[in-house]
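Heads up: numbering here begins at 1 and tracks the sequence.
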Amino acid sequence: MTYFIETKNLILRDFRDTDVASIFQLDSNEEVHKYLGGKPITTLKEAEKIVSFFHLQYKERGIGRFATIEKSSGRFIGWAGLKLNLDEKEMLNGHTNFIDIGYRFLPNFWGKGYATEASLASIEYGFKKLKYNVIYGAADVDNIGSNKVLNKIGLGFKNEFMFKGCTCNWYELKKENYEY
């Protein structure tokens, strides 16, 4: 399956094998991993596994994160989009089998509104095209930027929970509360 969403400033598309070096640049960055457990990857082999995991999600789950490209420069800036969380090992806040919205960008693309823009397009895609009923999000309580984005895109705060020793905020948006 091929995914392609275009917004004013971004292209969101399925990951390709040619994105391995870009994923390495993203996920080897310590600043990017500050609120993700502080364990950036260190090899291209790890980046290959990440891209393979995205491909597996598309195939087995019908959705996965999108490579995000800045239209004006044509540069890979990170990823954004939806993920179907089915795995018991990936349980968040007591939930499995849920749609999670997320984003991860290179630091020089932070503060440009791209997380909001990509997330709004992903939510619309999830509710309109994929017919999801609810989309969830989570962020470390100390990750002020990510918490602001989740609020700005319409997800409502539900509660705090612990994940791998960190306090996180849990958010949700139901389709009936989404304004098209």
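- Summarising the geometry, atom NZ belonging to Lys128 is positioned 13.0 Å from atom CG belonging to Leu130; distances are rounded to the nearest 0.5 Å.
- There is a path of hydrophobic side-chain contacts, each under 4.5 Å, that joins Trp79 to Phe4.
- The two residues Ile63 and Leu84 make their nearest non-hydrogen contact at CG2-N, 3.7 Å.
- When each of Lys39, Arg104, Glu46 is paired with Asp27, the side-chain contact (heavy atoms from CB on, under 4.5 Å) condition holds for Arg104 and for no other.
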Please report the C-alpha distance between Leu82 and Asp100 in whole Å, then the side-chain angles of each, then the deciding distance to 0.1 Å, and finally whether the side-chain contact (heavy atoms from CB on, under 4.5 Å) criterion is met. CA-CA 6 Å; Leu82 305 172; Asp100 168 60; over 6 Å; no
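- Under the 4.0 Å criterion applied to side-chain N and carboxylate O atoms, Lys34 and Glu31 are not assigned as salt-bridge partners.
- The line from NZ of Lys45 to OG of Ser52 is 8.5 Å long, rounded to the nearest 0.5 Å.
- With Thr68 contributing its side chain and Phe66 its backbone, the two residues share a donor-acceptor pair below 3.5 Å.
- Side-chain contact between Ile23 and Phe54 is present, with heavy atoms from C-beta onward closer than 4.5 Å.
- Shown here is Lys71, whose NZ atom has more than 12 heavy atoms of other residues, nucleotides or ligands within 6.0 Å.
- Counting non-hydrogen atoms of other residues, nucleotides and ligands closer than 6.0 Å to CD of Glu30 gives a total of 12 or fewer.
- Remark: Thr7 OG1 to Tyr114 OH distance equals 9.0 Å, nearest 0.5 Å.
- Panel note: side chain Arg65, backbone Ala80; no donor-acceptor pair is recorded below 3.5 Å.
- Within the 4.5 Å cutoff, no side-chain heavy atoms of Asn97 are placed close to those of Asn85.
- Between Pro107 and Trp110, some side-chain heavy-atom pair lies under the 4.5 Å cut-off.
- Remark: Lys175 NZ to Asn133 CG distance equals 6.5 Å, nearest 0.5 Å.
- Judged purely by atom type and a 3.5 angstrom limit, Tyr58 uses its side chain to pair as donor or acceptor with the backbone of Phe15.
- Ring to ring, Tyr178 and Phe127 are close: their centroids are under 6.0 angstrom apart.
- Under a hydrophobic clustering in which Ile, Leu, Val, Met, Phe, Trp and Tyr are joined whenever their side-chain heavy atoms come within less than 4.5 Å, directly or via other members, Ile144 and Phe109 fall into different clusters.
- Using modelled atom types, no side-chain atom of Lys148 and backbone atom of Asn143 make a donor-acceptor pair closer than 3.5 Å.
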Pair Asp17-His55, side-chain contact (heavy atoms from CB on, under 4.5 Å): steps then yes or no: CA-CA 9 Å; Asp17 292 337; His55 291 164; 3.0 Å; yes
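- Donor-acceptor pairing under 3.5 Å is lacking for the side chains of Glu70 and Asn9.
- When every heavy atom of Val32 is checked against every heavy atom of Asn29, the shortest pair comes out as N-OD1, 3.1 Å.
- Close placement of the His95 and Tyr136 rings is indicated, their centers lying within 6.0 Å of each other.
- Looking at every heavy atom in both residues, Asp14 comes nearest to Ala67 through O-CB, 4.3 Å.
- In this structure, a donor-acceptor pair under 3.5 Å is absent between the side chains of Gln25 and Ser22.
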Step by step, work out the side-chain contact (heavy atoms from CB on, under 4.5 Å) result for Arg75 and Asn108. CA-CA 12 Å; Arg75 290 185 57 200; Asn108 50 328; 3.8 Å; yes
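- Linking ILVMFWY side-chain heavy atoms closer than 4.5 Å, directly or via other members, places Ile50 and Leu44 in a single hydrophobic cluster.
- In this structure the side chain of Ile101 reaches within 4.5 angstrom of the side chain of Ile153, judged on heavy atoms.
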Show me the donor-acceptor pairs within less than 3.5 Å that the side chains of residues 166-173 make with the rest of the protein, sequence neighbours left out.
residue	atom	partner	partner atom	Å
Asn169	ND2	Asn147	OD1	2.9
Tyr171	OH	Asn147	OD1	2.6

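- Placement of Phe163 and Phe98 within a single hydrophobic cluster is found when ILVMFWY residues are connected by side-chain heavy-atom separations under 4.5 Å, directly or transitively.
- Between Ile77 and Ile69, the closest side-chain pair of non-hydrogen atoms is not below 4.5 Å.
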One pair to check against side-chain contact (heavy atoms from CB on, under 4.5 Å): Leu12 and Ser122. What are the steps and the verdict? CA-CA 9 Å; Leu12 285 74; Ser122 297; 3.7 Å; yes
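- Taking 4.5 Å as the limit, every side-chain heavy atom of Leu86 sits out of range of all side-chain heavy atoms of Thr96.
- Connection of Leu92 to Val141 is not established within any shared hydrophobic cluster, with ILVMFWY side chains joined at heavy-atom distances below 4.5 Å, either directly or through further cluster members.
- Remark: side-chain polar atoms of Tyr103 are not paired, donor with acceptor, to backbone N or O of Ser119 under 3.5 angstrom.
- Annotation: side chain of Ile5 is not in contact with side chain of Ile11 (no heavy-atom distance under 4.5 Å).
- Side-chain atoms of Ile135 and Ile123, non-hydrogen and from C-beta on, do get closer than 4.5 Å to each other.
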